[in-house]
Amino acid sequence: MPVHNADIGSIFEEIADLLEIQGGNPFRIRAYRNAARTVGEYRRDLKTLIDQGGSLPKLPGVGADLGGKIREICANGTCELLERLHREMPAAITELLRIPGLGPKRVRLLHDALEVDTIEQLRRAVRSGAIRDVPGFGEKTESQITQALESRGSAERRMKLATAAQYAEALATYLGSVPGVAEVTVAGSFRRRRETVGDLDILVAAGVAGPVMERLRAYDEVKTVLASGETRASVVLRSGLQVDVRVVPQVSFGAALHYFTGSKSHNIAIRRLGQARGLKINEYGVFRRTVRVAGETEESVYAAVDLPWIPPELREDRGEIEAARRGELPELVTLADLKGDLHLHTRATDGHNTVREMALAAKAAGLAYVAVTDHSRRLRVAHGLDPRGVSKQIDEIDRVNSALSGITILKGIEVDILEDGSLDLPDSVLKRLDIVVGAVHSAFNLPRRRQTERILRAMDNPYFSLLAHPSGRLLGEREACDVDMLKIVRKARRNGCSLELNAQPDRLDLDDVHCRMARDEGVLVAVNSDAHGVDDFAHLQYGIGQARRGWLTGAEVLNTRNLPELRSLLAHPAKR
DNA sequence: GCCGTTTTCGGCCCGACTGTTTTCAGTCG
């Protein structure tokens with residue numbers, strides 16, 4: 001049975017949920033949650049390591065006991081503790097924890113008092129009014145649960161970063177105009193540039209909080225006010241996006257910014273460092289006993305625990321604190337580092353603009369070169385090019401190149417990788433191009449081995465330069481293809497190809513974890529817009545955010561190279 | 001259940017808001 005690290009993580013999470021409902025030792029529960037996260041995100045497949053007879057790597061928060069459970073789960077797909085908990089508590093009960101307002105204590109009460117173990121039973125208990133008689137449950141709690149049950153399924157989706165940005169920037173500007181407000185920053189996963197955000201955390205520096213709270217409640221996009229205290233409020237916008245606003249004095253802004261940027265596990269790790277130095281770190285500052293020793297800036301918070309400032313994109317407790325301590329934080333790539341864009345479309349297929357218009361827009365966006373990579377013939381819906389169409393476009397690019405200055409247009413193609421791993425155009429066509437971007441646009445559901453082989457075979461074509469949107473996922477719409485990414489990354493290294501980080505807000509593919517895998521394996525990543533129109537070069541900022549989350553430096557991104565260097569890298573010395 | 005710049009035992013991140021209480025537990029971030 002295939003057991004992936006994420007499966008082990010889920011089992012540990014489930015154990016933690018069940019132990020919590022049973023009222024278990026909170027620190028034991030935390031240990032399971034920490035391990036769930038560590039294991040779930042670990043980049044090498046633990047079952048494979050074990051099957052190959054290797055010992056488990058030392059993972060933080062995983063000791064002898066949890067290590068044994070990992071082996072047990074890899075062997076059996078489950079572990080004795082989970083089975084025992086399932087005998088004591090119905091498995092479905094952890095679903096109840098997902099209802100806002102219901103935590104472990106109340107779930108336990110419902111189980112004991114009303115034998116409520118499933119969402120459906122909860123629904124019946126609410127309808128019959130039985131829930132009101134449970135001690136600790138009042139009128140408000142009942143209606144909160146009712147609402148949660150009604151809206152279940154309809155909402156609860158994370159919003160794409162680029163979509164959330166529209167709401168975030170408008171609201172931040174609005175709050176910034178309140179008299180007395182010194183500074184407004186959108187913190188949270190938005191600031192960490194996660195591909196999707198669950199809610200917005202907006203931090204406001206102001207002497208007095210009252211007027212800010214008042215203006216927030218009056219914002220015309222606010223649909224409901226979930227909570228509203230003196231310095232903190234939660235509202236839901238009409239878009240469905242939840243927004244948490246916190247007001248702090250300027251002297252606490254850095255500490256609050258650090259606190260509300262997260263991630264939670266990064267913050268916990270930083271606080272522990274503080275604790276070891278006799279410091280208390282909270283959103284108001286860094287304190288030795290009652291004396292504030294830091295907190296006006298984020299830099300001062302990090303300095304208090306002897307660390308340099310850590311970029312928000314890295315704050316996931318994935319080794320950034322250790323790297324910072326050793327002085328080995330990567331110099332992350334920036335938007336300004338990009339010199340070109342290697343994936344875009346024109347009216348010849350499914351783009352909206354001409355070669356000339358796209359080139360001028362790229363120039364205006366500060367780029368020195370672009371590759372025109374229209375679709376190949378197999379992609380009928382996009383009017384993909386056949387060999388004649390490619391020839392025509394090559395002539396057009398020659399004409400535009402000789403007419404324009406300050407921007408160079410490379411000849412390329414986004415060629416379909418067919419189901420058997422061959423490419424959709426003959427080598428005689430591909431050899432005329434500067435760059436060949438290969439992409440999967442069909443048969444997304446092949447089993448892992450076949451899907452992987454398909455891509456590996458495509459990469460063996462001597463003209464293959466770059467694998468576009470390697471996983472094929474569409475955020476919130478289509479899961480990633482089941483592929484062995486490590487094999488693909490290693491093939492890219494052997495063959496001298498690159499992988500794309502497609503910057504379209506609904507792709508952002510490679511994801512952060514695989515970017516880092518490419519980095520670790522020494523494979524260059526190209527951050528491309530996949531622009532279909534002149535405005536789409538704006539996507540690049542989101543691709544850069546993701547690249548930074550993947551620890552990429554400028555040197556590790558293919559299209560930070562100037563044109564001569566790029567040309568020599570595309571020449572594939574490994575293959576020709 | 002993990003772990004070590006007070007420690008191999010005794011700690012484990014910290015505070016705001018709400019509801020149901022009548023001084024605080026539960027939930028959330």
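Note on naming: letters A, B, ... go to the chains in the order of the sequence lines (proteins, then strands), and numbering restarts at 1 for each one. Small disclaimer: the values here were computed from a predicted structure and weren't measured.
- If you check dT8(B) for Watson-Crick or wobble pairing at under 3.5 angstrom, you find it has no partner at all.
- Nucleic acid contact class of Pro26(A) (heavy atoms, under 4.0 Å, all strands): none.
- Glu20(A) has its side chain out of reach of Lys105(A): every pair of non-hydrogen atoms, C-beta onward, lies at least 4.5 Å apart.
- Closest-nucleotide positions on DNA chain B for Gly278(A) and Pro135(A) were compared, and the one nearer the 5' end corresponds to Gly278(A).
- Between Asp317(A) and Arg37(A) there is a side-chain heavy-atom pair separated by less than 4.5 Å.
- Atom C1' of nucleotide dC3(B) and atom CG of Asn34(A) are separated by 12 Å, given to the nearest angstrom.
- The backbone N or O of Ile281(A) sits less than 3.5 Å from a side-chain atom of Arg271(A), completing a donor-acceptor pair.
- Not counting sequence neighbours, Glu83(A) has no partner by the salt bridge (charged side-chain N to carboxylate O under 4.0 Å, His left out) test.
- The CG-C1' distance, from Leu97(A) to dT27(B), rounds to 11 Å in whole Å.
- Looking at the side chain of Asp201(A), the nearest of the listed nucleotides dC2(B), dG29(B), dC12(B) is dG29(B).
- Under 4.0 angstrom from either OP1 or OP2 of dC2(B) there lies no side-chain N or O belonging to Lys69(A).
- Heavy atoms of Leu66(A) sit under 4.0 angstrom from primed sugar atoms or phosphate atoms, though from no base atom.
- Going from atom OH of Tyr32(A) over to atom C1' of dC12(B) covers 17 Å, rounded to whole Å.
- At a threshold of 4.0 angstrom between heavy atoms, the contacts of Gly101(A) are confined to the sugar-phosphate backbone, with no base atom among them.
- A donor-acceptor contact under 3.5 angstrom links the side-chain atoms of Asn25(A) to the base of dG1(B).
- Rounded to an integer number of Å, the gap from CG of Leu102(A) to P of dC28(B) is 8 Å.
- Taking atom CG of Leu110(A) as the reference point, atom C1' of dT27(B) lies 14 Å away to the nearest angstrom.
- Atom name C1', nucleotides dC3(B) and dT8(B): the rounded distance is 9 Å, in whole Å.
- Straight-line distance from the CD1 atom of Ile270(A) to the C1' atom of dC12(B): 17 Å, rounded to whole Å.
- Surrounding CD of Glu120(A) are more than 12 heavy atoms belonging to other residues, nucleotides or ligands, all under 6.0 Å away.
- In this structure, Ala64(A) reaches the sugar-phosphate backbone alone: every heavy-atom distance under 4.0 Å involves primed, P, OP1 or OP2 atoms, never a base.
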Report task. Could you give me the CA-CA distance, side-chain angles and deciding distance for Glu115(A) and Gln121(A), then say whether side-chain hydrogen bond (donor to acceptor under 3.5 Å, both in side chains) is met? Result -> CA-CA 8 Å; Glu115(A) 294 179 358; Gln121(A) 289 167 346; over 6 Å; no
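- Rounding to whole angstrom units, CD1 of residue Ile21(A) and C1' of dT27(B) are separated by 14 Å.
- Distance CG (Leu200(A)) to C1' (dC28(B)): 17 Å, rounded to an integer number of Å.
- When the P atom is used for both dG11(B) and dT7(B), the distance is 13 Å, rounded to whole Å.
- Comparing dT6(B) with dC2(B), their P atoms are spaced 23 Å from each other, to the whole Å.
- Between the C1' atoms of dT20(B) and dT27(B), the separation comes to 14 Å (whole Å).
- Between Asn267(A) and His258(A), some side-chain heavy-atom pair lies under the 4.5 Å cut-off.
- Spacing between dT23(B) and dT18(B) at atom C1', rounded to whole Å, works out to 15 Å.
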Query raised in the report: For Glu316(A) and His266(A), what are the C-alpha separation, side-chain angles and deciding distance, and is it a side-chain hydrogen bond (donor to acceptor under 3.5 Å, both in side chains)?
Result: CA-CA 5 Å; Glu316(A) 299 289 347; His266(A) 174 89; over 6 Å; no
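- Comparing dT21(B) with dA16(B), their P atoms are spaced 24 Å from each other, to the whole Å.
- Residue Lys264(A) places none of its side-chain N or O atoms closer than 4.0 Å to OP1 or OP2 of dC28(B).
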Report summary line: Contact string for nucleotides 14-20 of chain B, one letter per nucleotide 5' to 3', B = base within protein heavy-atom range under 4.0 Å, S = sugar-phosphate only, - = neither, reads BSSSSSS
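- Under the 3.5 Å distance criterion, the side-chain polar atoms of Arg192(A) are matched with a main-chain donor or acceptor of Thr261(A).
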